[in-house]
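A short worksheet on the structure shown next.
Numbers for residues simply follow the sequence, beginning at 1. Keep in mind that what you see is a predicted model, and the values were worked out from it rather than measured.
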Amino acid sequence: NNDNSSTENTYIDNMLKNTYNNIKTYSPIEHIHSRGENIETTAEHIANVMLKNYTHLSENDRKDLYDYMFYLFTEMMNNVVDHSLSPIGGYTMAQYYPTTQKIQFSIADKGIGFLENVKFKQNVNDEVEAIEKALEKGFTANKANQLYGSAYRNAGYGLYVMSEIIKQVGGKFVIISNNGLYRYNALSNNTEKKILDYSFNGVLVAFEFKEEGINHSMQEMVNILMQEEDE
């Protein structure tokens, strides 16, 4: 609500100030409200905040890490704009953890959730089934197929590529849609799916990964994930 009040917690205050501080390991909370420059600029800002913690990497490795972050961040933000119908848009932030050297990213909206989107094209019974369907390769909730300007963006691949990248780099992700939860841990190859006793009343997507798990450039990763696609 653009409330300018402050708290006694410096962590929360820095997130709410919406200004970037080079000595912080986390980004302020960003508002996602439209496609295009809003999303790309936000993704660039957040990726650069994370990247400054990796000064020991070579130039090529830094570029690979940036490309992964920029792709993943923009995909999740575009999903909010394209599908959520959230009256407040979405809010996102990321954080780097020095001890474990991992990056966490999260985005939330107050939209209609996966079930309302997916049941337009598929017979699904609950939010968990809808999340599983949305993670399938090539599935899109769009009423018409769409191609976008980015070299990687293709309707129906955002969540699939996100989940596959996290699997490839040994990370974790969680998706909450209203009362449905889907969580995956690549290190233990464990998947948790359940209907919650309460509703989030929107969608939350969060993931984490470590740079050391990246073994391919972003373009190579996309080629690997798409190579089995029918002509």
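Put simply, the residue from L65, N60, D67 that forms a side-chain contact (heavy atoms from CB on, under 4.5 Å) with K63 is D67. Of the candidates D64, V169, I103, L57, E211 forms a side-chain contact (heavy atoms from CB on, under 4.5 Å) with just one, namely L57.
Between the S27 side chain and the A94 main chain, a donor and an acceptor come within less than 3.5 Å of each other. Side-chain atoms of S84 never come within 3.5 Å of backbone atoms of V81 as a donor-acceptor pair (strictly under, hydrogens ignored). Judged by distance alone, with hydrogens and angles left aside, the side-chain atoms of N178 form no donor-acceptor pair with the main-chain N or O of S199 at under 3.5 Å. No donor-acceptor pair closer than 3.5 Å links the side chain of K194 to the backbone N or O of V128. Side-chain atoms of N123 never come within 3.5 Å of backbone atoms of K119 as a donor-acceptor pair (strictly under, hydrogens ignored). At least one donor-acceptor pair under 3.5 Å links the side chain of K52 to the backbone N or O of K24.
Of the N and O atoms on the side chains of Q95 and Y11, at least one donor lies less than 3.5 Å from an acceptor on the other residue. With no hydrogens or angles considered, no side-chain donor-acceptor pair links E75 and N79 at under 3.5 Å.
Each ring pair (Phe, Tyr, Trp, His ring centres under 6.0 Å) pair with one or both residues in residues 194-223, not counting sequence neighbours, appears once here: F105-F207. Residue pairs meeting the salt bridge (charged side-chain N to carboxylate O under 4.0 Å, His left out) criterion with at least one partner in residues 95-112, sequence neighbours excluded, are K102-E208.
Not counting sequence neighbours, N53 has no partner by the side chain to side chain donor-acceptor pair (under 3.5 Å) test. With sequence neighbours excluded, the residues forming a side chain to side chain donor-acceptor pair (under 3.5 Å) with S177 are E127, listed by chain and number. Judged as a side-chain contact (heavy atoms from CB on, under 4.5 Å), and not counting sequence neighbours, the contacts of T42 are E30, I32, N38, I46, M77, T92. Residues satisfying the ring pair (Phe, Tyr, Trp, His ring centres under 6.0 Å) test with Y68, not counting sequence neighbours, are none.
In this structure, V49 is a member of the same hydrophobic cluster as Y66, with clusters built from ILVMFWY side-chain heavy atoms closer than 4.5 Å. Clustering ILVMFWY residues whenever any of their side-chain heavy atoms sit less than 4.5 angstrom apart, transitively, puts V222 in the very cluster that holds L135. L51 is not connected to Y97 by any chain of hydrophobic side-chain contacts under 4.5 Å among Ile, Leu, Val, Met, Phe, Trp and Tyr, and they are in different clusters. Hydrophobic cluster membership differs between I195 and L115, with clusters built from Ile, Leu, Val, Met, Phe, Trp and Tyr side chains linked at under 4.5 angstrom.
Here the closest non-hydrogen pair linking L204 and A108 is CD1-CB, 4.1 Å. Shown here for H31 and G90, the closest heavy-atom pair between the two residues is CD2-O, 3.3 Å. When all heavy atoms are compared, the tightest approach of Y71 to G158 is OH-CA, 4.5 Å. Minimum heavy-atom separation, A47 to M69: O-CE, 3.3 Å. In plain terms, the two heavy atoms of I165 and M218 that are nearest each other are CD1-CE, 3.5 Å. The shortest non-hydrogen separation linking T74 to A43 is CG2-CB, 3.4 Å.
A perpendicular orientation is assigned to the rings of Y54 and Y96, their planes being inclined by more than 60° (bins at 30° and 60°). Relative orientation of the Y182 and F173 rings is parallel, given thresholds of 30° and 60° on the angle between their planes.
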**Message:** If you apply the rule side chain to side chain contact (heavy atoms under 4.5 Å, CB included), what do you find for M162 with L159, and how did you get there?
**Reply:** CA-CA 5 Å; M162 182 278 290; L159 284 171; 4.1 Å; yes
**Message:** One pair to check against side chain to side chain contact (heavy atoms under 4.5 Å, CB included): M221 and L225. What are the steps and the verdict?
**Reply:** CA-CA 6 Å; M221 177 64 77; L225 297 179; 4.1 Å; yes
**Asked** Does the side chain to side chain contact (heavy atoms under 4.5 Å, CB included) test come out yes or no for I175 and F114, once each step is laid out?
**Response** CA-CA 10 Å; I175 300 173; F114 277 68; 3.8 Å; yes
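For the atom pair H83 NE2 and E116 CD, the distance stands at 14.5 Å (nearest 0.5 Å). The NZ atom of K193 sits 10.5 Å away from the CG atom of D126 when rounded to the nearest 0.5 Å. Between the CD atom of E164 and the CD1 atom of I224 there is a distance of 11.0 Å, given to the nearest 0.5 Å. In this structure, CG in L181 is found 5.0 Å from CD1 in I176, a value given to the nearest 0.5 Å. To the nearest 0.5 Å, atom CD1 of residue I112 and atom CG of residue N201 are 13.0 Å apart. Rounding to the nearest 0.5 Å places CG of L187 at 14.0 Å from NZ of K167.
Taking a cutoff of 4.0 Å between a charged side-chain nitrogen and a carboxylate oxygen, R62 and E59 do not qualify as a salt bridge.
By the neighbour-count criterion of 12 heavy atoms within 6.0 Å, atom CD of E192 is densely surrounded, having more than that number from other residues, nucleotides or ligands.
Looking only at side-chain heavy atoms (C-beta outward), R35 and N78 come within less than 4.5 Å of each other.
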